[in-house]
Amino acid sequence: MAIGRIAWVPVLFLAALAAGAFLPLAIMALPGAGGEIAEALGDPVVWRSLRFTLVQALLSTGLSLGFAIPVAVALHEMRDFPGRGLVLRLFVLPLALPQIVAVLAIVGLYGERGALSRLVESAGVDFPSIYGLAGILLAHVFFNMPLAVRVALGGLSSMPAEYDRLAHQLGMGFAARFRHVLWPFMRPALMSAASLIFMLCVTSFTVVLTLGGGPRATTLEVAIYQALTFDFDIARAVLLALVQVAVTAFAFAMLTRAGGEVSAGLTLGAMRPFATRRNAIAGIVAMLVIVVGTVFVAAPFVVVFWRGLAADLSGLAAQASVRSALATSLVLGALAAVLAVGLALTLALGMARAAAQRGFTGTPSASERLLGQASSLILVVPPVVIAAGWFVSIRRFGDVYGAAPIMVATINAAMAVPFAFRLLAPSASSMMERYDRLCRQLAISGFARLRLVTWPLLRRALLLALAFSLALSLGDLGVIAIFGSQDVQTLPYLILQRMGSYRTQDAAGLALILCLMTMALMMFADRTGVGSAEARTS
Amino acid sequence: MHRLLICLLSATALVGLSRAALAEGTLTVYTYESFTAEWGPGPQVEKAFEAECGCDLEFVSVADGVALLNRLRLEGGRTDADIVLGLDTNLTAEAKDSGFFAPHGLSDVSVDVPGGWSDEFFLPFDYGYFAVIYDTQAIDTPPDSMEAFLNGDYGKIAIQDPRTSTPGLGLMLWIKTLYGDDAPAAYEKLKDRVLTVTPGWSESYGLFTAGEAPMVFSYTTSPAYHMIAEDTDRYQAAAFSEGHYMQIEVAGMTTKGADNPLAAQFLAFMLSPAFQDVIPETNWMLPAAPTSEPLDPVFGKLVQPAEPLLFAPEAVAENRKAWVDEWLQAMSR
């Protein structure tokens, strides 16, 4: 019961963060806001942006999942090919890449003068332009398909090994096995990924404008940014942000209804060893799918690496600003990650407790669903709104400069909670299912339980969640760009700053450094996690 | 993790302490962040002014000029800034109406910007002309007028969105000042020339230098950077016979700064050679007052516009929203 109540802490924290953004702005805008609200709601541009936002987000989500399913199944089938761990780590990298870097890399491949486009055109075939909906979808699939693969694999790894064995003993073909064995475990995981991807695409900004080819491709996020910057029309910004949250919440409700329980999450998935007999053709097809998926995700990184290597890397590393940005990124990222994982763990344990109370059967209660889903909505509250709102409050009562690093870490943490939660939820749930009763019978509670039960069982997931959150916070720009002063310069901030002053080479070098750093963090998290998992089974 | 936390907390505390210790004789200047970057004018300006005044000059930087004005608005008049440096003439009318600024009170200043300058609140520190920059390896004969650019087929251009970017607003105002009520028809022609419309200058310039687009919308001074810093004259500006739209960057004294004698001293310093000498090769804009020595010869090779074009600040403040909507309508068709 106690843990159940504690789970409200992260929810309240996230709610307070959002309220703390909206309230001061609403108070500021209140005088004479009535007319503006009517004007904003009657504006055809707003409705057009909203429609485009939803259409591209739905298509992006659908495509990301559509491509993720075969890749995830192939990675599940070929669970013992040597490069698997590397592929899985690669699939975390897109999250850490600032959008502008990714967009330029994608253009370097598929653009008018892109490497691939020129290759195809030299063969005499017309390569379609990426500017328009196609480019937006391509970029969103690059960002989100790998995420969906990791989530789907998480779902599959919670499948008991006996299922696979039984399916083979029954002589099921692939189609039957997919339908009766794999899909039931993937579906909830994919639904969980879908909600996350949908939100990420709803708030997409740089990708949509740059690759959209013109202002017809505009998301609501652009209108909110415009309202809060050039127009300084707070009432309109707040209103549009609320519309964005409400519409996403509605889409969630529909999704949950269609997808059933959304409980699975992301794990690296320690595969129980089971030698499946495969026929050669299926093996080749699976390998092909993996290769195509990996090349698609890796190619933009090859561009990032290629461009980065042309930069003066040692010169960059010697610059004081780069060093301090690296340190700032790591410190703020680490703080954000620890906070995010703490909040997500509380949330996941609370959910697991609630599931335990209904004996892990039946439908989840309203409060469970609220805990799981509402907390994710923080992702669609525009960072510009959060930063502006909190700036107004802090300005009134305290020192903005001192608060800047804390706010950056806090907001980044909040944005990472939905990811960390999805990583921790399945492990927390299975831990509760297996050991909760035992713990209570043996009267293990409090710190002892944390040390003896929770930590050993969740260590792997916790470290992975930590690495994910850190990667996310490292790549973040939204918050820093507004709150940041010269005291708080992170690596992505520096990348943007150099790109804004003709220093494209430097920016490319810094992007490479950011990628390498994230990759190193991923390896560290996976290694440490795997070590503990092996210790557990022995 | 504990150690990290302690590091962070003590760093925060140190910043607070140093602020308190230097509270006497301090001038706080809000500016945009590329001004204070290590290669920007900020470091040199700070050193020179601190030597002159024997005080402490402190920069607080935000993303861009628009963010500067918004920072003041979010602060609701209780600002730390004595000086705000980096607004442009598209923002000065709104800035004046906000009531956050005080008249500068300087009478004999040697401002030298095309079209002359008289404004009791703001003083210019640099200016530039917008231009279509082209890649000489992709385009042999660039367009020689806006009319030719809009009607001809020279290749694609990467431009910026006037809803989110200052150069984007500049292009829109340029076309508006040339075409007036016929602007929507001109925007529709522009639409066919455009590869993509990016949220900021960085994305479009990145696309341009990556070879993705043979033209980009930027400043006449952009080639100067490539010629001086990278020693290449591959990228050049196209001179348009109708004249080029201007951007004048200004600074003003806040009502708080009016009580700080250092503020007026800084504004006078801003128009002296000590400040102006730094501008061309750090901010890549043209000086708004005499420099002590002639500029690098490269600046002589830049496009010298036939006519400077600029809307009155009041006209922009009054019509910007309607004009952006008009742009949006035409470009979305």
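Chain identifiers are assigned alphabetically (A, B, ...) following the order of the sequence lines, protein sequences preceding nucleic acid strands; residue numbering begins at 1 within each chain. Owing to the predicted nature of the structure, the values given are computational and were not obtained by experimental measurement.
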Region of B:Ser204 that comes under 4.5 Å of a non-hydrogen atom in chain A: neither
When every non-hydrogen atom of A:Ser321 is compared with those of B:Glu38, the smallest separation belongs to OG-OE2, 2.7 Å
Does the side chain of A:Thr210 come under 3.5 Å of the side chain of B:Glu203 through a donor N or O and an acceptor N or O? no
Are there more than 12 heavy atoms of other residues, nucleotides or ligands under 6.0 Å from atom CG of B:Asp192? yes
A side-chain contact here means heavy atoms from C-beta on lying under 4.5 Å apart; do B:Trp327 and A:Pro215 qualify? yes
Can you tell which part of B:Leu91 gets under 4.5 Å to a heavy atom of chain A, answering side chain, backbone, both or neither? neither
Are A:Arg503 and B:Trp39 close enough that some pair of their side-chain heavy atoms sits under 4.5 Å apart? yes
Part of A:Arg307 within contact of chain B (heavy atom distance under 4.5 Å): side chain
For A:Arg48 and B:Ser332, which heavy atoms make the closest approach, and how far apart are they? NH2-OG, 3.5 Å
How far apart are the C-alpha atoms of B:Glu33 and A:Tyr493, what are their side-chain angles, what is the distance that settles it, and do they pass the side-chain contact (heavy atoms from CB on, under 4.5 Å) test? CA-CA 10 Å; B:Glu33 54 96 7; A:Tyr493 186 83; 3.6 Å; yes
Which answer fits B:Thr31, side chain, backbone, both or neither, if we ask what part of it has an atom under 4.5 Å from a heavy atom of chain A? neither
Nearest 0.5 Å, please: how far is OH in A:Tyr225 from OG1 in B:Thr164? 6.5 Å
Tell me whether the count of non-hydrogen atoms from other residues, nucleotides or ligands lying under 6.0 Å of CD in B:Glu326 goes above 12. yes
Looking only at B:Leu74, B:Thr166, B:Leu207, B:Asp161, the option with the highest number of non-hydrogen pairs under 4.5 Å against chain A is B:Leu74
Specify which of B:Ser34, B:Ser165, B:Gly206, B:Gly200 makes the most heavy-atom pairs with chain A at under 4.5 Å. B:Ser165
What pair of heavy atoms forms the shortest contact from B:Val197 to A:Gly214, and how long is it? CG2-CA, 3.9 Å
For chain B, find which of A:Gln226, A:Arg113, A:Arg395 contributes the most heavy-atom pairs closer than 4.5 angstrom. A:Arg395
Of the backbone (N, CA, C, O) and the side chain (C-beta and beyond), which part of B:Tyr30 lies under 4.5 Å from a heavy atom of chain A, both, or neither? side chain
Side chain, backbone, both or neither: which part of B:Asp80 has a heavy atom under 4.5 Å from chain A? both
Could you check which of B:Met331, B:His226, B:Arg73 has the highest count of heavy-atom pairs closer than 4.5 Å to chain A? B:Arg73
So that I can tick it off, tell me whether A:Asp231 and B:Arg163 are bridged by a salt bridge, with the cut-off set at under 4.0 angstrom between side-chain N and carboxylate O. no
Which answer fits A:Ser129, side chain, backbone, both or neither, if we ask what part of it has an atom under 4.5 Å from a heavy atom of chain B? neither
Using only atom types and a distance under 3.5 Å, with no angle test, would you say the side chain of B:Arg320 pairs donor to acceptor with the backbone of A:Phe230? yes
Greatest number of non-hydrogen atom pairs under 4.5 angstrom with chain B, of A:Gln505, A:Gln497, A:Met499, falls to A:Gln497
Assert top hit (heavy-atom pairs under 4.5 Å, partner chain B, pool A:Leu209, A:Thr504, A:Val208, A:Leu211) equals A:Leu209
Ring geometry between A:Tyr502 and B:Tyr205 (parallel below 30°, tilted from 30 to 60°, perpendicular above 60°): perpendicular
Let me know if B:Ala37 has heavy atoms under 4.5 Å from chain A in its side chain, its backbone, both or neither. both
Are there over 12 heavy-atom neighbours, none belonging to B:Glu230, within less than 6.0 Å of that residue's CD? yes
Chain B contact via A:Val45 - which portion, at a heavy-atom distance below 4.5 Å: side chain
Grab the two heavy atoms, one from B:Asn70 and one from A:Leu228, that are nearest each other, plus how far apart they are. ND2-O, 3.4 Å
Please report the C-alpha distance between A:Asp233 and B:Lys321 in whole Å, then the side-chain angles of each, then the deciding distance to 0.1 Å, and finally whether the side-chain contact (heavy atoms from CB on, under 4.5 Å) criterion is met. CA-CA 11 Å; A:Asp233 186 342; B:Lys321 238 178 147 172; 3.7 Å; yes
Report the distance from atom OG of A:Ser501 to atom CH2 of B:Trp284, rounding to the nearest 0.5 Å. 11.5 Å
Interatomic distance, B:Thr198 atom OG1 to A:Ile100 atom CD1 [nearest 0.5 angstrom]: 8.5 Å
Ignoring hydrogens, what is the shortest heavy-atom contact between A:Gly500 and B:Ser202? Give both atom names and the distance. CA-OG, 3.3 Å
More than 12 heavy atoms of other groups within 6.0 Å of B:Arg234 CZ: yes
Counting only non-hydrogen atoms closer than 4.5 Å, does B:Thr209 touch chain A with its backbone (N, CA, C, O), its side chain (CB onward), both, or neither? side chain
Would you check if the side chain of A:Glu112 reaches a backbone N or O of B:Glu212 as a donor-acceptor pair within less than 3.5 Å? no
